[in-house]
Amino acid sequence: MEVILSHYYDIAAVLLFGIGFFTLLLNRNLIKKIIGLNIMDTSIFLFLTSKGYIFGRVAPIVQEGITEVQAYINPVPSGLVLTGIVVSVSVSAFSLALVQRLYKKYKTIYLDEILVLAKKEEE
Amino acid sequence: MPFVYNMPFFSILICMIGGVVTPFFRNRRIVQIVNTFILVAVFTMSLVLLITLLTAGESFTYMMGHFPAPWGNELRAGPLEALLALVFSIVMFLSLVGGMRGINIDIRATRVSLYYTMMNFLLSSMLALIYTNDIFTAYVFIEINTICACAIVMAKDIGMTVVATIRYLLMSLLGSGFFLFGVSMLYAITGHLLMSNIQSAVIELIYTGQYTVPLVTSLGLMVLGLSIKSALYPFHSWLPSAHGSSTTASSAILSGLVLKGYIILLVKIFYRVFTPDILASLHVTDVIFVLGVLGMVMGSVKALKETHVKRMIAYSSVAQIGYIYMGIGLGTQVGIMAACFHILVHAFTKPMLFLAANGLIDASGHQYEMKALRGSARKDILSGIGFTVGSLSMIGIPLFAGFAPKVFLGIGSIESDFHMIVTFLALALSSLLNALYYIPAVIAFWSKPKQQALEIAVKTAKSRRSVCLLCSIGVLIISNIALGIVYSPIMQTITTGLNLLG
Amino acid sequence: MNNTNQNNTQKSGVHPKKPWDIFADWVNGEEPEDKMEKSEQYAVPQETHELHENISAQTVLHSESEHESHEKGHFLLKEYLTKFYKMYFGLSLIVGCVVVGILIYAVCTLPGYGLAENPTNNEVAQKYLEEGLEDTGAVNSVAGMILDYRAFDTFGESTVLFVAVAAVIMLMKRSMNKKNEARERLVAHEITIDKKDPNLVLKYSAVVLVPLTILFGIYVVLNGHISPGGGFSGGAIIGAGLMLYALAFGHDKISKVIHYRSFTMITGCALLTYAGCKAYSFYTGANHIGGGIPKGVPGAILSGGFILPLNICVGIIVALTMYGFYSLFSKGDL
């Protein structure tokens, strides 16, 4: 119990990761798969952000010239998450564009149907 | 600091700038000239760097900015990295030149400049993966690599390639997700992102016995992510369609180079973050060994069933990736040397196979099935020779490039009895299987075509044979045989590089 | 969706061609619009039956299935796929559960949440906070970190955006896919409909909101080094403003300014400026040639060395990229 209380962010992140992972694996709908991927990414960002927080400290923007490390939280994870979010946005846009293209071509967004249709087309 | 030490940074930067500038131009020729210029520049810089580092016998870290080690980003270069950068630029150049006709046919004229943009960024990201000393930078460039690799698959805009691209993209992103989780977990327990600093922190953690479970988990996640992206056996399902359906230059580059970038990153993580001793004590190498052996056998079995020639070659890549992972999984210095050497061999052989197959396909009137390609080598002799040399090399006939790594894999496995038995069995079985699907194909290509095929051939006999294709296949054949005969200096370079890497 | 339905009704009404001909036409690229409707619409029963069964089996195809030849009959394939799907479903459930279980176990042994003595709070973070003001001149430590200490990552990140937008252009831009002329006409039609029937509420609120949004975005970009925000957040806000403008007033006006040529030029030049600034500072830093540029007074708008210009570059890239995504997705052109 104590472990859960001291790690609730991490556990929530892993559960979200699991949700995203299952969505990615078990859905036939491509858009839902991409949503699953996004949930996975977001869960990692939650995990990473929670690593930067320290109780009782404020955001790392220097105020009134106080530059002591005891005053602020760790700025590194915030920067990494920023990078990660941008990467995730670009990748989502690209995959959604692919889905739109597939939809225009095959009129469906279900991967199994698309595969059947593409196979027929190839023959 | 000698000026030569700027070369890694310059080569990454010039590729990036080239990538940004390329979409400004619409003319196909200008775009190709820019691309060639970049590749030649990278080649020259890597060559100079390689010679300097080899004569000095040293490696160095390059500070990206005004701040030293744990605070800023860093690049790191040694002989191994320089050698790989050199090979990557040569192979990319040859693939693009050889596949130029395919690019002109398969890709719409309006898209060509963006295609070359992707190529430039792809090269920059692979160079960054080779040279980086920072694990989070590696993540960012992995993502660039993913997007570019998917984009060059879908550049040939038919239904099959778009479907293949989305499967490739989804699997790749799953892999990046795992890798990022691994990196963040490693960051949570070590507090560093730079490889050398993580290494000292990890050694301390192992020594004190703290956080062993997260350490192993993060390592597992990173290995899982990278092995999904480099198509290790159970995660290979995206590879055949992506490599089999795209245009020839893309197939050659994806098979020959892109997969290797991730493996190099993995080797760097193994050497520079987790030392080989720690890996052996955690039994990670054993898992990789088993998966590698499985891949060697299963990839060949799948290729045996395949009748589509490009997909057959793609499945053969799965088997060859298995060889590389088996070498890494042996856990010995010689094993990793063999793996690195096999990376080079595969980088030279697979593009040749794809290009030659493309030549044969063209010669027989755009038929992809094995049956239809019967006798095609007689019409396009150099492609036929290229395919034959590539096949013999992949089977592992002496005097061809594929032979030496197999010998070294055998040597590397001697240290432990279990490894030795399994390795020798797997090598024998895999060579046999390789022979089983490559030899009949080669024989069929050289034998007399049937009547029906002749008719098709008459129709397409006028298809122009491109000089570029001939040149690049010729160069690849020569380099392949050269690798097979003069392997010792390259092995020495790799050995020096690996010793400096540790 | 409308488009599909229309085509379907047309198809089921007049259907002189055999599926094979349609298929052949489609392969030849002659009828891009009406190729692959769900096969239920086809008049020939045999084909429909088979494909329908295939789809209703709810199978997930995998590479293993690709050896099966269609000539051997769909029945075998279907059975195989059903079996395979069951196996796949079970397998992925087990694999997923194992992965999540291992991760939860591993995560529970990590250092606790929010403690000051965690390994992450080491000398790296300490230097960023204590000497960041001196080293970079930025009050916002995160901005100082991503644009000065770890600028190479951020350069990669901006490049990811550029690469992604280039890839999306490759996929979606209409002039890149000349085949879809019918679709082009349709989209043009839709756009004109939009023009005739303006949404008054949207238009009038946009008149107020667009300038404010863009102004706020510019403010966030320019103050990135002295307050929360920076190029990425500010750029996203500006991008939202541009999107709102395009929504309310149509693409016509905005695409006179932002078209393919100017789009690649502006983003490319911003990225090149970024690369130039950073190459200078990497080169001087690595070769120890001084090369420091004035940091200014911390807290002033003109401070922080390269951070302000870099933020502006990043802001331009992000804003245009976001708008570019929107424009490419909504009308298939820039």
Side-chain angles (χ1 to χ4, degrees), chain A residues 3-4 6-11 13-15 17-18 21-22 25-26 28 47 50-55 59-62 67-70 72 74-79 82-83 85-87 89-91 93-94 96-98 100-101 104-108 111-113 115-117 119-121 123, chain C residues 4 23 27 36-38 51 54-55 58-61 66 70 89 92 96 99-100 103-104 107-108 110 112-116 118 120-121 124-126 128-130 132-133 139-142 145-146 150 153-154 157 160-161 163-165 167-168 171-172 180 183 227-228 232 298 318 325 328-329:
Chain A
V3 174
I4 294 177
S6 64
H7 293 90
Y8 55 97
Y9 268 102
D10 306 340
I11 292 173
V14 172
L15 289 179
F17 188 84
F21 191 56
F22 279 124
L25 284 186
L26 301 181
R28 300 176 303 126
F47 176 82
S50 75
K51 292 296 141 217
Y53 184 70
I54 303 167
F55 285 124
I61 290 161
V62 179
T67 56
E68 277 147 30
V69 70
Q70 279 78 20
Y72 306 106
N74 188 349
V76 183
S78 318
L82 190 57
T83 310
I85 288 173
V86 173
V87 169
V89 165
S90 348
V91 164
F94 180 43
L96 285 173
L98 275 172
Q100 200 195 37
R101 181 117 192 105
K104 273 183 194 165
K105 205 161 189 119
Y106 296 116
K107 303 289 174 224
T108 172
L111 184 58
D112 50 350
E113 292 174 20
L115 286 171
V116 170
L117 291 172
K119 224 174 148 44
K120 280 173 74 70
E121 172 207 339
E123 275 166 18
Chain C
T4 326
F23 178 62
V27 170
M36 288 289 179
E37 294 89 359
K38 302 273 180 65
L51 191 66
N54 243 335
I55 290 166
Q58 303 213 337
T59 49
V60 166
L61 269 168
E66 283 153 11
H70 268 248
F89 194 89
S92 29
V99 167
V100 172
L103 283 179
I104 287 190
V107 145
C108 285
L110 280 177
Y113 169 66
L115 306 176
N118 283 347
T120 41
N121 305 318
V124 181
Q126 193 180 353
Y128 288 164
L129 288 170
E130 289 186 342
L133 208 57
V139 176
N140 180 351
S141 300
V142 178
M145 181 200 138
I146 62 169
R150 300 182 60 86
D153 284 0
T154 316
E157 186 185 351
V160 173
L161 273 175
V163 172
V165 86
V168 176
L171 261 177
M172 312 267 269
N180 289 347
R183 181 162 188 87
S227 67
F232 289 101
V318 174
F325 283 147
L328 285 165
F329 272 96

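Here is how names work: the chains are called A, B, and so on, in the same order as the sequence lines, proteins then strands, and each is numbered from 1.
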Q | For Pro60(A) against Val142(C), the heavy-atom pair lying closest together | A | CG-CG2, 3.7 Å
Q) Who among Ala125(C), Ala116(C), Ser141(C) has the most heavy-atom pairs with chain A under 4.5 Å? A) Ser141(C)
Q) Tell me, do Ser90(A) and Val163(C) make a side-chain contact under 4.5 Å, heavy atoms counted? A) no
**Q.** Closest non-hydrogen atom pair, Gly96(C) against Phe21(A)
**A.** CA-CE2, 3.6 Å
Q. Rounded to the nearest 0.5 Å, how far does CG of Leu110(C) lie from NZ of Lys51(A)?
A. 5.0 Å
Q | Residue selection (most heavy-atom pairs with chain C, distance under 4.5 Å) from Val3(A), Leu15(A), Asn74(A), Val87(A) | A | Asn74(A)
Q | Euclidean distance, Phe47(A) CZ relative to Leu103(C) CG, rounded to 0.5 Å | A | 9.0 Å
Q. With only heavy atoms counted, which part of Phe329(C) is less than 4.5 Å from chain A, the side chain, the backbone, both or neither?
A. both
Q: Pick whichever of Val139(C), Val100(C), Val160(C), Ile146(C) has the most heavy-atom pairs under 4.5 Å with chain A.
A: Val139(C)
**Q.** Heavy-atom side-chain contact between Pro75(A) and Leu129(C) under 4.5 Å
**A.** yes
Q. Is chain A contacted by the side chain of Thr154(C), its backbone, both, or neither, given a heavy-atom distance below 4.5 Å?
A. neither
Q.
Restricting to side chain to side chain donor-acceptor pair (under 3.5 Å), what partner residues turn up for Asn140(C), sequence neighbours left out?
A. none
Q | Plane angle bin for Tyr113(C) and Tyr53(A) - parallel if under 30°, tilted between 30 and 60°, otherwise perpendicular | A | parallel
Q: Please report the shortest heavy-atom distance between Leu171(C) and Arg101(A), naming the atom on each side.
A: CD2-CD, 3.2 Å
Q | Heavy-atom donor-acceptor pair, Asp153(C) side chain to Thr83(A) backbone, under 3.5 Å | A | no
Q) In chain order, what residues pass the side chain to side chain contact (heavy atoms under 4.5 Å, CB included) check against Ile4(A), with sequence neighbours excluded? A) Ile11(A)
Q. Distance from Ile104(C) atom CD1 to Asp10(A) atom CG, nearest 0.5 Å?
A. 10.5 Å
Q: Against chain A, work out which of Leu328(C), Leu161(C), Val124(C), Val107(C) has the most heavy-atom pairs shorter than 4.5 Å and name it.
A: Val107(C)
**Q.** Gap separating the CZ atom of Phe94(A) from the CE atom of Met172(C), nearest 0.5 angstrom
**A.** 11.0 Å
